[in-house]
Number of protein chains: 2
Amino acid sequence: MSIEKIREKILEEGGRWTSARQAILTVFFSDRKPLSPAEVRKRLAKGTADLASVYRTIRLFVEKGVLVPMVQTTEGQCYELSDDYREHHHHLLCGKCGQIQDYEDCQAGDVEKLIFKRMGFRVTRHDFQFYGLCADCL
Amino acid sequence: MSIEKIREKILEEGGRWTSARQAILTVFFSDRKPLSPAEVRKRLAKGTADLASVYRTIRLFVEKGVLVPMVQTTEGQCYELSDDYREHHHHLLCGKCGQIQDYEDCQAGDVEKLIFKRMGFRVTRHDFQFYGLCADCL
DNA sequence: ATATTTGCAAATTATTTGCATAATT
DNA sequence: AATTATGCAAATAATTTGCAAATAT
């Protein structure tokens with residue numbers, strides 16, 4: 001379980017492992033899709049954490065490389081687990097039903113080599129969104 | 001000049017071509033990078049358009065397919081011209097200096113075919129971000 | 001002349017911050 | 001016991017809306 005790894009990392013760096021942090025992280029591990037702070041809050045049992053704490057906790061996890069900001073044109077800034085804590089993947093966003101699926105096959109390696117050769121830009125991470133219509137909506 | 005095309009489209013659909021719309025669109029055509037509403041406003045001569053009108057105008061252009069929302073983790077929601085009005089491209093975001101470059105070579109076609117074959121998802125548009133270090137910052 | 005768009009102010013919504021209290025080490 | 005994190009309320013920022021006045025057709 002990599003929640004344990006994250007806990008250790010936080011502790012090593014002088015942070016504390018609180019029930020709020022545990023609960024918020026658990027939301028991201030169970031509901032594996034991009035979530036906004038408000039959505040995270042909604043998924044927590046009432047009284048678990050104030051919205052301000054959700055914001056602070058998300059910021060902490062982003063700084064620690066646990067979460068990454070993600071786009072979702074419909075509802076503000078969302079976050080999800082970084083590649084260090086789940087399989088690398090891309091997003092398929094259906095323009096009709098709004099559903100977001102993950103797609104785990106990635107051929108970006110060659111493109112990244114090409115980018116370095118042509119532009120001198122060293123890619124360390126990428127983030128692909130594919131928009132269209134899902135199987136159900138086609 | 002495709003500003004002219006856009007003007008005609010707006011007029012045909014019963015909209016009006018105002019100096020604010022012309023000015024805002026011109027900003028996107030001159031400064032070809034993702035811009036937030038506030039940044040667009042800053043680039044307009046004072047008195048050209050109220051910030052509320054910038055928001056309304058951007059929304060209109062997004063509905064008409066002229067602009068597309070773009071991510072930029074640093075400063076809120078940004079927009080730029082859609083592929084219909086400029087060359088298709090991807091973004092290279094330097095994590096050190098913050099600069100955003102365009103990269104115009106795209107091999108996504110094959111990947112999109114694969115996505116359809118495997119997932120039944122029909123991709124109509126994609127949006128790729130590459131994060132890393134630019135040539136100057138390496 | 002008519003319908004649409006704008007500015008301005010006010011209303012919402014999203015996000016951040018200060019500080020006393022509570023919880024973790 | 002010392003330090004860090006939390007809740008709550010208040011501050012700030014971002015975005016939207018109503019409506020009368022202005023502008024485009």
Side-chain angles (χ1 to χ4, degrees), chain A residues 3-4 6-28 34-64 66-80, chain B residues 3-4 6-27 34-64 66-79:
Chain A
I3 289 189
E4 188 52 32
I6 295 166
R7 185 183 102 104
E8 282 165 20
K9 185 183 170 119
I10 297 284
L11 289 173
E12 275 168 18
E13 299 178 13
R16 274 140 203 217
W17 194 250
T18 67
S19 57
R21 287 174 182 183
Q22 167 92 29
I24 290 167
L25 196 50
T26 301
V27 168
F28 282 102
L35 297 169
S36 67
E39 288 169 330
V40 170
R41 177 77 201 284
K42 258 187 277 175
R43 283 168 172 72
L44 296 170
K46 60 182 179 307
T48 308
D50 187 72
L51 185 56
S53 298
V54 174
Y55 274 99
R56 284 187 277 227
T57 303
I58 287 175
R59 196 192 315 173
L60 172 78
F61 286 140
V62 170
E63 282 161 7
K64 300 297 185 197
V66 173
L67 296 177
V68 290
M70 191 71 12
V71 209
Q72 199 179 345
T73 54
T74 44
E75 42 186 316
Q77 185 64 66
C78 293
Y79 303 84
E80 68 174 352
Chain B
I3 288 188
E4 187 52 32
I6 295 166
R7 184 184 102 104
E8 282 164 22
K9 186 183 170 119
I10 297 285
L11 288 173
E12 274 168 21
E13 298 177 14
R16 273 134 204 224
W17 194 250
T18 68
S19 55
R21 288 174 180 182
Q22 166 91 29
I24 290 166
L25 196 50
T26 301
V27 167
L35 297 170
S36 67
E39 288 168 330
V40 170
R41 178 78 201 284
K42 260 187 274 175
R43 284 167 172 72
L44 295 170
K46 59 181 181 306
T48 308
D50 187 70
L51 185 56
S53 298
V54 173
Y55 274 97
R56 284 188 276 228
T57 303
I58 287 176
R59 194 190 319 171
L60 172 77
F61 285 140
V62 170
E63 282 161 6
K64 300 298 185 196
V66 172
L67 296 177
V68 289
M70 191 69 13
V71 210
Q72 198 180 344
T73 54
T74 45
E75 42 185 317
Q77 185 64 65
C78 294
Y79 302 85

Check your understanding: Which atom pair, heavy atoms only, marks the closest approach of B:A49 to B:I24?
Key -> CB-CD1, 4.4 Å

Quiz: residues 10-17 of chain B side-chain donor-acceptor pairs under 3.5 angstrom, not counting sequence neighbours:
| residue | atom | partner | partner atom | Å |
| --- | --- | --- | --- | --- |
| B:E13 | OE1 | B:K64 | NZ | 2.6 |
| B:W17 | NE1 | B:Q22 | OE1 | 2.8 |

Exercise for review: Please find the earliest and latest nucleotides of DNA chain D, in the 5' to 3' direction, that have an atom within less than 4.0 Å of any heavy atom of chain B.
Suggested key: D:dA14 to D:dT25

Practice item. Whole angstrom is fine here: how far is it from CZ in A:R41 over to P in C:dA14? Key: 13 Å

Exercise for review: Search all heavy atoms of A:P34 against all heavy atoms of A:E39 and return the closest pair with its distance.
Suggested key: O-OE1, 4.0 Å

Review point. Which angle, to the nearest 10 degrees, lies between the helix axes at the two ends of the helix from C:dA1-D:dT25 to C:dT25-D:dA1, each defined by five pairs?
Key: 40°

Exercise for review: Assess whether side chain to side chain contact (heavy atoms under 4.5 Å, CB included) is satisfied between A:I6 and A:F61, documenting all intermediate values.
Suggested key: CA-CA 9 Å; A:I6 295 166; A:F61 286 140; 4.0 Å; yes

**Study point:** Nearest-angstrom distance from the residue atom NZ of A:K42 to C1' of C:dA14
**Key:** 14 Å

Practice item. Mind calculating the distance between CZ (A:R56) and P (C:dA14) to the nearest angstrom? Key: 18 Å

Exercise for review: Answer yes or no: is there a side-chain heavy-atom contact under 4.5 Å between B:Y79 and B:V40?
Suggested key: no

Review point. In Å and rounded to the nearest 0.5 Å, what is the CZ to CD1 distance from B:R21 to B:I3?
Key: 14.5 Å

Check your understanding: Got a sec? Which of residues 14-25 of chain B come in under 4.0 Å of DNA chain D, heavy atoms?
Key -> B:R16, B:W17

Check your understanding: Quick one: on DNA chain C, does A:Y55 or B:T57 contact a more 5' nucleotide (nearest heavy atom)?
Key -> B:T57

Study note, to complete from the structure: In whole angstroms, the gap separating C1' of C:dT4 from CD of B:E13 amounts to 15 Å

Check your understanding: Looking at DNA chain D, which of residues 45-54 of chain B put a heavy atom within less than 4.0 Å of it?
Key -> B:A52

**Study point:** Qualifying side-chain hydrogen bond (donor to acceptor under 3.5 Å, both in side chains) pairs, either residue in residues 43-62 of chain B, two or more places apart
**Key:** B:D31-B:R43

Check your understanding: Any side-chain heavy atom of B:C78 sitting closer than 4.5 Å to one from B:L35?
Key -> no

Review point. Going by heavy atoms in the side chains, are A:L25 and A:R7 under 4.5 Å from each other?
Key: no

